[in-house]
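Beneath this line is the structure, given in structure tokens, with notes to follow.
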Number of protein chains: 2
Amino acid sequence: MLKLDARDLKILSILQTEGRISKSELAKRVNLSNTPCWERLQRLEAAGIVRGYGARIALEALAEHVTIFVTAELENHRSGDFSRFEDAVSGEPEIVACWALGGGLDYLFQVVTRSVGTYQLLIDRLLTGDTGLKRYFTYIVTKEVKNGGVPLEIFKSL
Amino acid sequence: MLKLDARDLKILSILQTEGRISKSELAKRVNLSNTPCWERLQRLEAAGIVRGYGARIALEALAEHVTIFVTAELENHRSGDFSRFEDAVSGEPEIVACWALGGGLDYLFQVVTRSVGTYQLLIDRLLTGDTGLKRYFTYIVTKEVKNGGVPLEIFKSL
DNA sequence: GATGAAACTGCTCCAAG
DNA sequence: CTTGGAGCAGTTTCATC
């Protein structure tokens with residue numbers, strides 16, 4: 001694990017919100033000259049800490065859609081059961097995120113789709129496909145309250 | 001709502017994964033010359049469809065941390081109760097995302113923090129602060145299975 | 001929509017302190 | 001780490017078709 005100083009963290013937190021900032025502007029913002037700042041960024045990218053860049057897209061300005069969270073419980077807990085379900089999840093673009101959970105529930109996943117109807121089609125695919133899904137619970141999102149980035153501030157003291 | 005053709009969607013989906021692509025390279029990828037592609041992007045940004053750009057940061061390569069999902073139920077459902085809770089959520093950087101839900105539960109939120117201990121401190125802050133939080137349930141994430149972007153493919157036929 | 005070009009800014013690398 | 005700069009690539013805005 002690469003050790004990072006406060007400047008590296010500042011570079012990361014600037015890039016997190018301003019991914020298309022120019023490298024010379026970035027250097028100014030962290031009080032470094034061009035060259036060493038560029039070298040730091042190279043290191044961060046090479047180490048895989050910066051995994052890439054992306055546009056933040058306002059889906060709500062683009063098309064009608066619904067966001068739904070689903071908790072899932074599997075039929076069985078043998079080693080193959082988990083990877084079978086996870087493969088099914090990977091193959092569904094409407095499942096935008098999925099996490100394995102400790103405790104009674106096995107998975108939580110987030111669906112973004114056109115409507116409740118297309119969500120039901122997705123669930124039907126999961127139930128009739130050989131995914132091992134036993135029980136699920138649907139939570140429809142009525143409002144996105146917050147969606148920020150990872151709080152790098154918390155790790156400042158490393 | 002701005003109407004977008006297939007090229008606009010392609011621009012968006014390229015930018016979603018390659019946020020730092022050069023504008024001339026982007027133009028090539030969508031089979032347009034420099035100028036009209038640049039104009040489309042200007043429109044998309046001006047319309048707020050592209051809300052910004054950000055680096056994808058691999059937190060796991062950076063520091064030990066835990067991800068936890070929490071479902072929350074509020075004491076009361078008067079108009080002020082929701083905004084009071086949402087304000088508290090906004091003020092906590094460790095709460096990286098929060099959604100209001102239909103049905104019995106009021107909110108789902110995602111916490112990224114250093115440890116289970118710091119998570120408990122967060123919960124204590126929410127409980128002792130005047131947030132109206134009545135009942136909550138903790139789901140510790142043991143594995144991130146998938147974390148992709150919004151599936152623009154789904155909206156191709158618009 | 002396409003093309004070409006002008007003026008500018010930024011990028012990458014290198015040298016020297 | 002700094003400054004300075006060379007050579008090249010990318011950006012933005014033109015005018016023209």
Side-chain angles (χ1 to χ4, degrees), chain A residues 1-59 61-63 149-150 152-153 155-158, chain B residues 1-59 61-63 149-150 152-153 155-158:
Chain A
M1 200 172 277
L2 210 71
K3 51 186 175 311
L4 308 179
D5 63 12
R7 274 225 187 79
D8 291 313
L9 281 174
K10 187 153 191 198
I11 289 172
L12 291 174
S13 83
I14 290 171
L15 287 175
Q16 196 173 36
T17 53
E18 296 166 69
R20 263 189 106 104
I21 192 174
S22 83
K23 294 178 183 175
S24 30
E25 173 64 19
L26 179 64
K28 277 177 210 154
R29 295 269 287 275
V30 296
N31 297 313
L32 271 176
S33 60
N34 227 311
T35 314
C37 181
W38 184 82
E39 286 165 347
R40 278 166 185 266
L41 182 50
Q42 291 293 107
R43 255 189 294 123
L44 292 170
E45 290 179 347
I49 291 173
V50 175
R51 276 193 299 188
Y53 300 86
R56 283 187 293 275
I57 292 173
L59 191 54
L62 208 153
V150 158
L152 296 178
E153 314 92 81
F155 303 100
K156 275 259 166 69
S157 57
L158 295 181
Chain B
M1 201 172 281
L2 210 69
K3 51 183 172 311
L4 308 179
D5 63 13
R7 274 225 187 79
D8 291 313
L9 281 174
K10 188 154 191 198
I11 288 172
L12 292 174
S13 83
I14 291 172
L15 287 174
Q16 195 172 34
T17 53
E18 297 166 71
R20 263 189 105 104
I21 193 174
S22 83
K23 294 179 184 174
S24 28
E25 172 63 20
L26 179 64
K28 278 177 210 156
R29 295 269 287 275
V30 295
N31 298 312
L32 271 176
S33 60
N34 225 313
T35 314
C37 180
W38 183 85
E39 286 165 347
R40 278 165 185 266
L41 183 49
Q42 291 293 107
R43 254 189 295 123
L44 292 170
E45 291 179 346
I49 291 174
V50 174
R51 273 193 300 189
Y53 301 86
R56 283 186 294 274
I57 291 173
L59 192 55
L62 207 152
V150 159
L152 296 178
E153 315 92 82
F155 302 100
K156 276 258 165 71
S157 58
L158 295 179

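FYI, side chains are in, hydrogens and waters are out, and symmetry mates aren't considered; it's all heavy atoms of this structure. Just so it is clear, the structure is predicted and the values come from calculations on it, not from any experiment. Order of the sequence lines sets the chain letters (A, B, ...), proteins ahead of strands, with each chain counted from 1.
Partners of A:Glu25 according to the side chain to side chain donor-acceptor pair (under 3.5 Å) rule, which considers only residues two or more places apart in sequence or in another chain, do not exist here. Listed by chain and number, the residues in a side chain to side chain donor-acceptor pair (under 3.5 Å) with B:Glu45 are B:Tyr53 (sequence neighbours excluded). Residues forming a side chain to side chain donor-acceptor pair (under 3.5 Å) with B:Arg56 (at least two apart in sequence, or on another chain): none.
On the nucleic acid side, DNA chain C contacts chain B at distances under 4.0 Å to non-hydrogen atoms, with the end points of that region at C:dG1 to C:dG4.
Among residue pairs with one or both ends in residues 27-37 of chain A, those qualifying as side chain to side chain donor-acceptor pair (under 3.5 Å) are A:Glu18-A:Arg29; sequence neighbours excluded.
Although no hydrogens or angles enter the test, the distance criterion places a donor-acceptor pair under 3.5 Å between the side chain of A:Arg20 and the main chain of B:Ile21.
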Go through the steps to decide whether B:Leu9 and B:Glu153 satisfy the test side-chain contact (heavy atoms from CB on, under 4.5 Å), and finish with yes or no.
CA-CA 8 Å; B:Leu9 281 174; B:Glu153 315 92 82; over 6 Å; no
Start with the C-alpha distance between A:Asp5 and A:Lys156, add both sets of side-chain angles, then the distance that settles salt bridge (charged side-chain N to carboxylate O under 4.0 Å, His left out), and finish with yes or no.
CA-CA 8 Å; A:Asp5 63 12; A:Lys156 275 259 166 69; over 6 Å; no
How far apart are the C-alpha atoms of B:Val150 and A:Leu62, what are their side-chain angles, what is the distance that settles it, and do they pass the side-chain contact (heavy atoms from CB on, under 4.5 Å) test?
CA-CA 12 Å; B:Val150 159; A:Leu62 208 153; over 6 Å; no
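Using a 4.0 Å heavy-atom criterion, one finds that B:Pro36 contacts the sugar-phosphate atoms exclusively.
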With 3.5 Å as the limit, what N/O pairs link the protein to nucleotides 8-12 of chain D?
unit_1 : atom_1 : unit_2  : atom_2 : d
D:dT11 : OP1    : B:Lys23 : N      : 3.1
D:dT11 : OP2    : B:Lys23 : N      : 2.9
D:dT11 : OP2    : B:Ser24 : N      : 3.2
D:dT11 : OP2    : B:Ser24 : OG     : 3.4
D:dT12 : OP2    : B:Lys23 : NZ     : 2.8
D:dT12 : OP2    : B:Trp38 : NE1    : 3.0

